[in-house]
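This report concerns only the one structure given below.
FYI, the numbering just counts along the sequence from 1. Quick caveat, the model's predicted, so the values are computed rather than measured.
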Amino acid sequence: MAEELDTVLMLVHTASEKHQVILQCNEHLANPVFEAGMDHAVRTLAQRVRLPGFLLLYRDAVKPHVLHYRTYRHGQLEYESGEQPGAPLESLLHQHGTRLLHGDAGVLKRLFDGRTTEAVLISAATRSEPLGKIVVWSNEGFSAYAMDLIRVLASTLSQRLLDYNRERIHLSQFFPTGAIDALLEDPDYARHLRAQVQEVGILFADINGFTRICEQGFDSPRSIGRFVDEWSARAVDCIWAHGGVFDKMVGDCVIGLFGPPFFQTDRVRRAEAAVRAAQDIQAFTAELSEREEVSALCRRVELPGLGVAVGVNLAPANCGLFGPNRNYTAFSSGMNQAARLQSLAGFRETLVMESVHEALRQSREPFVRKLQFGPLTETPVKNVAQPLRHYQLKP
């Protein structure tokens, strides 16, 4: 009876210990910074069970064909994709790509010579493609107790990856990858997304003659959609390339903000970034016009080419996540002024508000020094109390 009681007590103790480890790992994985939480969870696990080697391989939420990884040696981070790459694993990723997530760990076994390798596939509940994979290795194998803990960690990690990916995908609508990484590395990143009034650069870019192009140039709505998709994707890339935020599209008009989400630059840098993005959008649109099919389209609708009308402003705005879909956007009279300014711009013309011109006069950038502007113009517009004071940015 004493032996049986000892066995029961040992089972109770083991179950209790396992439960505590699971709770601690879950608490760590709740860390808003996914990577930090993962590091703490693996360290906690390694303190309870022998864990010589541990690999987490997972998909990039925004670019599913890209894999990220973190490898640990006795619970301590050894390699990670990006900042501390491991050459052998990088070579395997280059050779096999996302195929490493499928099937057994045979390919990965070759990376860990002579070690026993166990793999746990982390599957998404809503999709057939795996989110990632856990691989553990040791010269002596693992106990049933250790494997139970690893499986539980994998189950919890699956949900955490789903949440992490969902947040990355949401943020990818507005911010480039670098900004998303910087946001999610801050445990209190939500503070950067709360509504706040700041002076921001504002850009509105609209395709010249788009209504005519749609009515007379395309044979189907599908063709219009493909055309707008290509142009707008490149316009957003221009905004992101200069540190901007993609606000939204209204019809064929792309709207960008410069300053958010960290507001680390001054008003001069924000004006510079907005104008640089405007110049790039003008340049690539003109290049696009040289393509044979686009050139033929413009001839068909009797346009001199494909062009954009751009309005740039520098004004205070309330920036943050708004609405039921929590979209990052801005509200102010300055946004309305930029929209009106863009509507005044002609073929391949960029107009900038007086505030932008004044900020650029303080710039020491050679690029800005070479810019040429027309005379100050005042234009009354409907539903705006004061006339818009603006300059034409010469090509």
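- The two atoms that bring G305 and C298 nearest to each other are C-SG, 3.4 Å, heavy atoms only.
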Using side-chain contact (heavy atoms from CB on, under 4.5 Å), reason through T379 and H390 one step at a time and then give a plain yes or no. CA-CA 8 Å; T379 306; H390 58 88; 2.9 Å; yes

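- The two atoms that bring V254 and S232 nearest to each other are CG2-CB, 4.1 Å, heavy atoms only.
- Distance check, rounded to the nearest 0.5 Å: CZ of R48 to CG of L149 gives 9.0 Å.
- Around the CD atom of E365, the shell of radius 6.0 Å holds more than 12 heavy atoms that belong to other residues, nucleotides or ligands.
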Report the C-alpha separation of R299 and S295 in whole Å, then their side-chain angles, then the decisive distance to 0.1 Å, and conclude whether the side chain to side chain donor-acceptor pair (under 3.5 Å) test is met. CA-CA 6 Å; R299 289 194 300 270; S295 179; 2.9 Å; yes

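- Atom CG in L101 sits 9.0 Å away from atom CG in L131 (nearest 0.5 Å).
- Distance alone, capped at 3.5 Å, places no donor-acceptor pair between the S91 side chain and the A87 backbone.
- Of all non-hydrogen atoms in Y69 and G86, the two that sit nearest each other are OH-N, 3.0 Å.
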Go through the steps for L157 and I134 under the test side-chain contact (heavy atoms from CB on, under 4.5 Å), then give the verdict. CA-CA 10 Å; L157 184 57; I134 284 178; 4.0 Å; yes

Candidate pair V310 and Q342, rule side-chain contact (heavy atoms from CB on, under 4.5 Å), full reasoning: CA-CA 5 Å; V310 182; Q342 177 271 312; 5.8 Å; no

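- Across every non-hydrogen atom of V356 and N313, the tightest pair is CG2-C, 3.4 Å.
- Between F174 and F246, the distance from one ring center to the other does not fall under 6.0 angstrom.
- Annotation for Q386: atom CD does not count as buried by contact number, only 12 or fewer foreign heavy atoms lying within 6.0 Å.
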Show your reasoning for whether side chain to side chain donor-acceptor pair (under 3.5 Å) applies to Y164 and Q159. CA-CA 9 Å; Y164 176 71; Q159 184 57 52; over 6 Å; no

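- Considering M353, E378, Q337 as possible partners of R389, the one that fulfils the side-chain contact (heavy atoms from CB on, under 4.5 Å) test is E378.
- Here F262 and F175 keep their ring centres 6.0 angstrom or further from each other.
- For the residue pair G37 and N31, the shortest heavy atom distance occurs at CA-CB, 3.8 Å.
- Side-chain contact check for Y72 and E80: no donor-acceptor pair (N or O, by modelled atom type) lies under 3.5 Å.
- For D39, the salt bridge (Lys or Arg N to Asp or Glu O under 4.0 Å) test picks out R70, with sequence neighbours left out.
- Annotation for L341 and G311: closest pair CD2-CA, 4.1 Å, computed over non-hydrogen atoms.
- In this structure, R326 CZ and H170 NE2 are separated by 8.0 Å, a value rounded to the nearest 0.5 Å.
- A salt bridge does not link E215 to R212: none of the charged nitrogens lies less than 4.0 Å from a carboxylate oxygen.
- Residues V62 and L171 are not in side-chain contact: their nearest non-hydrogen atoms beyond the backbone lie 4.5 Å or more apart.
- With ring centers used as reference points, F373 lies under 6.0 Å from H357.
- Within a 6.0 Å radius of OH in Y79, other residues, nucleotides and ligands contribute 12 heavy atoms or fewer.
- Going from atom CG of L56 over to atom OG1 of T71 covers 10.0 Å, rounded to the nearest 0.5 Å.
- Between the side chains of R168 and S172, no donor-acceptor pair is found at a separation under 3.5 Å.
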Assess whether side chain to side chain donor-acceptor pair (under 3.5 Å) is satisfied between R369 and S363, documenting all intermediate values. CA-CA 8 Å; R369 296 285 186 176; S363 174; over 6 Å; no

Step by step, work out the side-chain contact (heavy atoms from CB on, under 4.5 Å) result for S332 and N318. CA-CA 7 Å; S332 75; N318 191 18; over 6 Å; no

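- Annotation for R361: atom CZ does not count as buried by contact number, only 12 or fewer foreign heavy atoms lying within 6.0 Å.
- With hydrogens and angles left out, the side-chain atoms of Q392 and T377 include no donor and acceptor closer than 3.5 Å.
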Where do H65 and T98 land on the side chain to side chain donor-acceptor pair (under 3.5 Å) test, with the steps shown first? CA-CA 6 Å; H65 62 283; T98 57; over 6 Å; no

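- Checking side-chain atoms of E185 against main-chain N and O of V33 turns up no donor-acceptor pair under 3.5 Å.
- Between R160 and E167, no side-chain nitrogen of the basic residue sits less than 4.0 Å from a carboxylate oxygen of the acidic one, so the salt-bridge criterion is not met.
- Put simply, CZ on R234 and OG1 on T285 are 8.0 Å apart, with the number rounded to the nearest 0.5 Å.
- The aromatic rings of F227 and F210 lie parallel to each other, their planes meeting at an angle below 30°, with 60° marking the opposite boundary.
- Listed for the K394 side chain is no donor-acceptor partner under 3.5 Å among the backbone atoms of G374.
- Between Q362 and R267 there is a side-chain heavy-atom pair separated by less than 4.5 Å.
- Between Y58 and H68, the ring planes are tilted. Angles from 30° to 60° get that label.
- Residue D247 holds its CG atom at 8.5 Å from CG of N327, rounded to the nearest 0.5 Å.
- Looking at D148 and R151, a side-chain N of the basic residue comes within less than 4.0 Å of a carboxylate O on the acidic one, giving a salt bridge.
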